[in-house]
> 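Dumping the structure here so I can ask a few things about it.
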Amino acid sequence: MFKKILIANRGEIAVRVIQTCKDMNIKTVAVYSDADKTALHVLEADEAVHIGPSDPSQSYLAMDKIIGAALKTRAQAIHPGYGFLSENPEFVEKCTQAEIVFIGPSAQAIRKMGDKITSRKIMMAGGVPITPGLTGSHHTLDEMGQKADEIGYPVLIKATAGGGGKGIRIVHSQEELSDACESASREAKNAFGNPDIYLEKFFPRARHIEFQILADNFGNTIHLLERECSIQRRHQKIIEETPSPAVSPSLREEMGNTAVTAAKAAEYVNAGTIEFLLDDQNRYYFLEMNTRLQVEHPVTEMITGIDLVRQQLEIAAGNPLTLTQSDISARGHAIECRIYAEDPENDFFPSPGKIEFFKEPGGPGIRNDSGIYSGCTVPVEYDPILSKLTTHGETRDQTIAKMIKALKSYIVLGVKTPIDFLIDILSSPPFKEGDVFTNFIDTHFSTWKPTEKNRDLACLAFLVDEVCKKKNRSTDGDEKKQPPGPFHTLGNWNL
Amino acid sequence: MFKKILIANRGEIAVRVIQTCKDMNIKTVAVYSDADKTALHVLEADEAVHIGPSDPSQSYLAMDKIIGAALKTRAQAIHPGYGFLSENPEFVEKCTQAEIVFIGPSAQAIRKMGDKITSRKIMMAGGVPITPGLTGSHHTLDEMGQKADEIGYPVLIKATAGGGGKGIRIVHSQEELSDACESASREAKNAFGNPDIYLEKFFPRARHIEFQILADNFGNTIHLLERECSIQRRHQKIIEETPSPAVSPSLREEMGNTAVTAAKAAEYVNAGTIEFLLDDQNRYYFLEMNTRLQVEHPVTEMITGIDLVRQQLEIAAGNPLTLTQSDISARGHAIECRIYAEDPENDFFPSPGKIEFFKEPGGPGIRNDSGIYSGCTVPVEYDPILSKLTTHGETRDQTIAKMIKALKSYIVLGVKTPIDFLIDILSSPPFKEGDVFTNFIDTHFSTWKPTEKNRDLACLAFLVDEVCKKKNRSTDGDEKKQPPGPFHTLGNWNL
Amino acid sequence: MEYNLQIKDKTITVEMTLKQDCWLSATIKNSPDDRTDYEQIQYGRISDHQVRLMVNGQQINAWIIDQTDGKTIIIGGERFFIQDKDKLAQTQTLNPRTDKGPDQVTPPMPAVVINVPVQLGDIVEKGDTVVVVSAMKMETSLVAPHGGTITRIGINEGDKVMPGDILIDIEKNEVDKIEIN
Amino acid sequence: MEYNLQIKDKTITVEMTLKQDCWLSATIKNSPDDRTDYEQIQYGRISDHQVRLMVNGQQINAWIIDQTDGKTIIIGGERFFIQDKDKLAQTQTLNPRTDKGPDQVTPPMPAVVINVPVQLGDIVEKGDTVVVVSAMKMETSLVAPHGGTITRIGINEGDKVMPGDILIDIEKNEVDKIEIN
């Protein structure tokens with residue numbers, strides 16, 4: 001096993017990788033930009049290397065700087081996390097040239113799966129069902145329009161590169177097509193350096209179901225069951241769970257086998273995810289393969305009891321999988337909520353700033369993966385994900401109740417978060433019934449406003465805070481004497 | 001199910017019970033003494049009732065006040081936690097008289113099992129093996145001496161009432177017997193109001209192995225596997241784990257069946273624990289039955305995936321067990337460390353005071369059950385347990401490594417804790433090999449002193465803290481201007 | 001004492017009387033017809049960012065932080081930004097957050113201008129995209145708050161912009177003005 | 001600057017030189033023969049209770065709290081109580097924690113006296129139990145720090161006692177004194 005690895009990422013996922021490294025007695029090297037000098041991932045690592053200015057292109061995306069940091073600190077391998085360089089085949093090649101192990105798949109596999117068109121072709125050839133749509137690159141607007149007419153609106157414009165909800169547009173009619181293509185192409189170019197887009201059928205009532213797979217260098221490929229990731233805003237997941245309420249045992253087996261087939265067709269090694277679309281007729285289609293650890297991997301870890309980062313490290317170190325498909329079974333139900341720094345009342349616009357106070361809920365069946373602490377700063381330059389809250393219970397109902405409880409005790413002061421929005425989704429009848437689909441939020445929550453049940457109490461708390469501050473100030477003259485906390489002067493209130 | 005329950009306890013176990021109640025949408029009523037006005041269990045409950053002065057006899061042991069609080073708040077049931085009134089049959093009877101459900105066994109079962117002599121007799125009659133020793137009450141010193149000579153020294157003096165390590169003495173020779181009996185009897189009288197003691201054989205190399213059981217009102221009794229609780233100081237457990245490294249699958253089945261037999265012999269209902277002694281010849285003996293939730297229940301919850309408090313509530317509400325023995329299986333390994341406010345360098349003497357700062361470790365496979373927060377006070381009047389840290393991993397080695405990592409990130413400032421002592425135990429070869437027994441600490445760690453590997457660094461940190469404070473003070477004149485945090489003026493240090 | 005608190009576009013009047021031993025009573029008026037009396041509330045501070053209320057026997061934990069011109073308060077997972085209207089008036093900085101925005105084209109946070117799809121003199125309708133900005137790697141369209149003619153474009157593509165910067169001026173058309181009057 | 005720090009019964013001398021941009025160098029002398037040079041240490045404060053050091057490329061997080069006459073510092077799970085000897089001397093309160101105890105019968109924390117198994121005039125040996133106290137429901141025996149004769153018993157059963165209270169005086173026997181000299 002490696003003695004020391006570098007983590008080419010930041011935030012909660014870098015902290016997550018460090019956790020498993022500490023479990024395995026592997027030393028860790030963090031990298032950081034100007035904006036992240038005191039970020040949590042830096043504090044948690046054994047060593048930390050500054051790699052440049054805050055702009056990602058000059059730090060977390062600067063391949064040579066990161067490889068230089070690994071060489072300088074004698075890190076034997078690099079874990080890319082998700083985002084940034086995690087799906088960049090050129091980076092994998094540069095690692096190989098520098099004789100550093102890339103903890104992930106081969107450059108070739110990333111390249112093939114990273115291009116949506118190539119991956120669609122490979123899956124078609126492997127007998128994996130794909131969504132109706134285009135399978136060539138560099139389509140003219142006319143070709144796009146023609147295909148859209150053929151498969152019928154609404155259609156989805158997608159960047160052939162990248163992921164993470166960037167470069168995606170839903171188009172409901174021919175008139176919108178031109179603008180949507182232009183805007184998606186521009187966003188794709190900015191995000192991935194590649195303006196190419198293509199088109200596929202949009203299923204408004206479909207679910208997003210993905211299968212976690214693990215594959216070693218010895219031809220062993222297994223899946224670790226599914227994740228239901230249908231609850232999305234701005235085409236980005238915010239609530240994920242497993243098992244999916246829509247997947248029966250027989251469908252699970254069929255889709256799982258297809259996922260393994262797909263991973264093998266891609267000649268894939270390490271941890272990856274096969275994303276499927278499941279329509280309201282229970283037909284499923286290959287959407288894309290994510291050639292990295294997913295944001296939502298904790299739900300899989302909680303129900304299978306398997307540490308996916310440990311598996312990634314073992315595979316990258318050249319060890320064979322010790323798990324077989326029959327070792328994989330689900331226990332209970334798990335749900336993850338992503339806590340972003342964003343304003344749910346204002347179209348989820350990012351809300352960077354200083355975290356003045358942070359308190360996570362604890363107790364049985366609750367897991368926090370977070371990249372922040374009281375007093376840290378959330379920079380404007382990076383993705384707004386702060387942390388992930390995951391709950392695990394015996395049944396879906398119990399797990400939802402536990403998540404609502406945990407969210408109510410999740411305190412972030414200083415930036416806005418969608419915690420109240422998440423509570424309302426989890427409490428809603430369609431979510432409770434498991435009747436979710438990819439435009440669930442647009443359908444049920446497009447006009448969401450906070451209910452403000454506690455508005456009166458908030459007003460009272462506002463005034464009480466002022467009153468307590470005044471009382472403390474009035475005793476400030478006598479410094480030695482502890483100002484009597486209000487509850488020290490309490491009478492007995494209830495008996 | 002109950003709509004509202006009262007929790008007749010404090011600290012981490014009261015918070016633990018509240019957690020499950022919130023998951024089940026059951027309202028909670030906390031009770032508190034003068035010392036606990038702002039304790040965490042009070043803050044976490046929906047309602048809180050003051051029940052008296054700090055002295056436990058006038059608050060947490062004051063049965064009528066607690067029942068009065070339940071009646072006043074219309075709580076339908078009382079959860080006793082562990083300690084305090086949890087094994088007091090009179091309290092159960094008073095609950096019944098007040099038409100409040102006691103979440104636990106019947107008064108009769110508590111009475112029978114609470115008296116060690118009666119329980120030994122019942123187990124003998126039920127065919128359960130017991131340790132060699134006395135089985136009558138009110139023994140004269142002569143009788144004690146005679147029996148000790150017969151079974152051979154060392155022997156154990158034990159209170160017939162109570163538990164939790166109180167009223168226990170190891171006696172190595174006849175000369176020590178008289179003093180030990182007197183002191184144990186006095187401690188027993190103070191702790192349990194009953195001075196009776198008895199004597200049994202002491203096995204110096206024995207393990208303490210206990211089985212969790214669940215029994216409903218319909219005659220269904222199952223066990224939830226074992227816990228190894230051999231690591232004790234002052235006869236009180238500090239590290240528990242499951243599975244036990246000493247228990248083979250066949251021994252597990254045999255002991256599990258015996259535990260179920262024992263619970264049935266006691267006509268037991270609700271959650272309970274059968275404690276066994278396992279000697280170095282793999283012979284096991286019934287020690288006693290704990291008729292309540294155990295401190296160490298989280299390790300069982302983590303490997304079985306079952307919420308024991310939820311099971312307690314379901315059984316108390318009159319529902320049948322939905323679990324059968326074949327539903328119970330272990331996944332992975334779990335270890336719990338108890339974090340006490342105590343000084344491991346000074347014979348584990350309690351260390352009450354104000355918690356100035358508290359930070360728990362997070363991440364996959366780590367569970368915190370705690371009763372404290374930054375700024376709270378640990379009163380001198382109660383047991384010094386602050387919290388329990390539990391880790392869960394795929395194997396014992398992984399779980400130990402995760403625990404050591406977690407302990408190193410567990411920060412308590414303001415009171416002393418045995419964290420460094422726990423790290424040294426977990427890192428020691430005999431513990432790693434699973435070669436543990438009840439006087440493990442006396443054998444291997446009786447002269448323990450901190451290794452102070454980081455002493456030089458601590459000296460540097462001391463001076464750096466002073467330097468940073470001086471820098472901040474020198475910029476205090478300009479309040480609006482944020483004093484430049486040292487790392488804001490950092491150069492790039494490594495590239 | 002009577003206090004006027006501002007939450008979004010709502011003004012809430014609180015009549016509060018402090019009593020001994022950290023007890024208070026209060027009447028909250030959301031509107032002339034909607035008033036609630038709270039008698040016998042016990043209160044106390046737990047820490048810098050936490051206060052506790054006991055209202056009708058129920059414990060309420062509120063998490064609080066002072067911010068410019070107001071406080072953010074979290075109770076039971078709900079977040080509130082509350083301002084003291086009278087205090088704001090005294091300090092002459094009355095600018096409740098909801099006052100800005102509707103009539104101005106300004107980014108809600110620091111951002112970079114990606115695209116300006118309008119030109120000087122263009123006539124736009126309410127809701128038309130006039131600037132596209134990007135922040136935290138996300139594109140957002142800023143739209144015309146009302147119909148009218150573009151009379152000034154204060155930014156170029158690539159510019160870094162801040163909340164409060166007025167990026168584009170739109171003069172209302174005569175027709176709109178008449179409709180408004 | 002040179003500092004003399006006290007950890008338990010050990011005095012450690014630190015020669016520290018502050019440099020620009022939060023760098024420092026230091027030499028730590030545990031004894032005349034045991035000295036370690038630390039060059040190029042970078043340091044900074046993370047929060048009220050956390051400082052960070054970078055020593056030879058390794059990051060060290062230290063958790064710190066000021067206490068009476070010293071600081072408690074936690075690094076890597078180890079806890080240290082450190083005092084500045086020179087500062088203590090200045091404030092004339094030099095009383096390192098290890099100075100007390102060995103020669104006095106005093107409880108280590110607030111406690112209640114449970115039993116006093118000795119009487120005035122009794123001759124005791126070092127290690128004999130002279131008082132039993134209880135705290136946090138745990139009984140602890142306080143033992144004679146040296147052999148001698150009980151010359152004073154300052155407490156009764158049931159008394160509440162505090163650290164620093166001298167519960168019992170034991171006068172050393174002549175024989176012991178000779179042995180010591």
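All heavy atoms count here, side chains included; hydrogens, waters and symmetry mates do not.
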> Just so I understand: if I count every heavy-atom pair under 4.5 Å between each of D/Lys10, D/Met1, D/Gln20, D/Gln40 and chain B, which residue has the most?
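Of the options given, most contacts go to D/Lys10.
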> Can you tell me which of B/Ile411, B/Ile423, B/Asp420 forms the most heavy-atom pairs within a distance under 4.5 Å of chain D?
B/Ile411
> Test B/Ile170 against B/His235 for side chain to side chain contact (heavy atoms under 4.5 Å, CB included), laying out the working first.
CA-CA 10 Å; B/Ile170 302 168; B/His235 310 296; 3.6 Å; yes
> Please classify the contact of B/Asn346 with chain D as side chain, backbone, both or neither, using a heavy-atom distance under 4.5 Å.
side chain
> Just by distance, with hydrogens left out, do D/Asp165 and D/Thr106 show a side-chain donor and acceptor under 3.5 Å apart?
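Looking only at side-chain atoms, D/Thr106 and D/Asp165 do not form any donor-acceptor pair under 3.5 Å.
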> Need one label for D/Ile64: side chain, backbone, both or neither, based on atoms under 4.5 Å from any heavy atom in chain B.
both
> Please classify the contact between B/Lys359 and chain D as side chain, backbone, both or neither, with a heavy-atom cut-off of under 4.5 Å.
side chain
> Under 4.5 Å from any heavy atom of chain D, what part of B/Pro344 do you find: side chain, backbone, both or neither?
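B/Pro344 touches chain D through side-chain heavy atoms alone.
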> Report which part of B/Glu345 has an atom under 4.5 Å of a heavy atom belonging to chain D: side chain, backbone, both, or neither.
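For B/Glu345, the contact with chain D is made by the side chain alone.
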> Taking the six-membered ring of B/Phe84 as reference, does the cationic atom of B/Arg10 (NZ for Lys, CZ for Arg) lie under 6.0 Å from its centre and within 45° of its axis?
no
> Looking at D/Gly70, D/Ala111, D/Gly77, D/Ala26, which makes the most heavy-atom pairs under 4.5 Å with chain B?
D/Gly77
> Pick from B/Pro450, B/Pro352, B/Ser351, B/Ser183: which one has the most heavy-atom pairs with chain D under 4.5 Å?
B/Pro352
> For each of B/Lys453, B/Glu342, B/Glu381, tally heavy-atom pairs with chain D at distances under 4.5 Å, and name the one with the top tally.
B/Lys453
> To the nearest 0.5 Å, tell me how far B/Cys376 SG sits from B/Asp36 CG.
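The SG atom of B/Cys376 sits 9.5 Å away from the CG atom of B/Asp36.
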> Please look at B/Leu457 and chain D and tell me whether the side chain, the backbone, both or neither of the residue comes under 4.5 angstrom of a heavy atom of that chain.
both
> Considering only heavy atoms and a distance below 4.5 Å, find which of B/Asn190, B/Val380, B/Asp343, B/Leu407 pairs most often with chain D.
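Option with the greatest count: B/Val380.
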> Within 45 degrees of the axis of the six-membered ring of B/Phe348 and under 6.0 Å from its centre: does B/Arg233 put its NZ or CZ there?
yes
> Tell me, for B/Ser409 versus chain D, whether the close heavy atoms (under 4.5 Å) come from the side chain, the backbone, both or neither.
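Contact with chain D: none, neither part.
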> Go through the atoms of D/Thr72 and report whether side chain, backbone, both or neither lie under 4.5 Å from a heavy atom of chain B.
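Contact with chain B involves both backbone and side-chain atoms of D/Thr72.
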> Considering only heavy atoms, which portion of D/Ile82 lies under 4.5 Å from any heavy atom of chain B: side chain, backbone, both, or neither?
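Both backbone and side chain.
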> Between B/Phe358 and B/Tyr410, does the ring pair (Phe, Tyr, Trp, His ring centres under 6.0 Å) criterion hold? Intermediate values first, please.
CA-CA 8 Å; B/Phe358 178 49; B/Tyr410 202 102; 5.7 Å; yes
> Side chain, backbone, both or neither: which part of B/Val467 has a non-hydrogen atom closer than 4.5 Å to chain D?
side chain
> Give the intermediate values and the outcome of side chain to side chain donor-acceptor pair (under 3.5 Å) for residues D/Gln59 and D/Arg52.
CA-CA 7 Å; D/Gln59 288 207 102; D/Arg52 176 170 60 157; 2.5 Å; yes
> Assess whether atom NZ of B/Lys408 is packed by more than 12 heavy atoms of other residues, nucleotides or ligands within 6.0 Å.
no
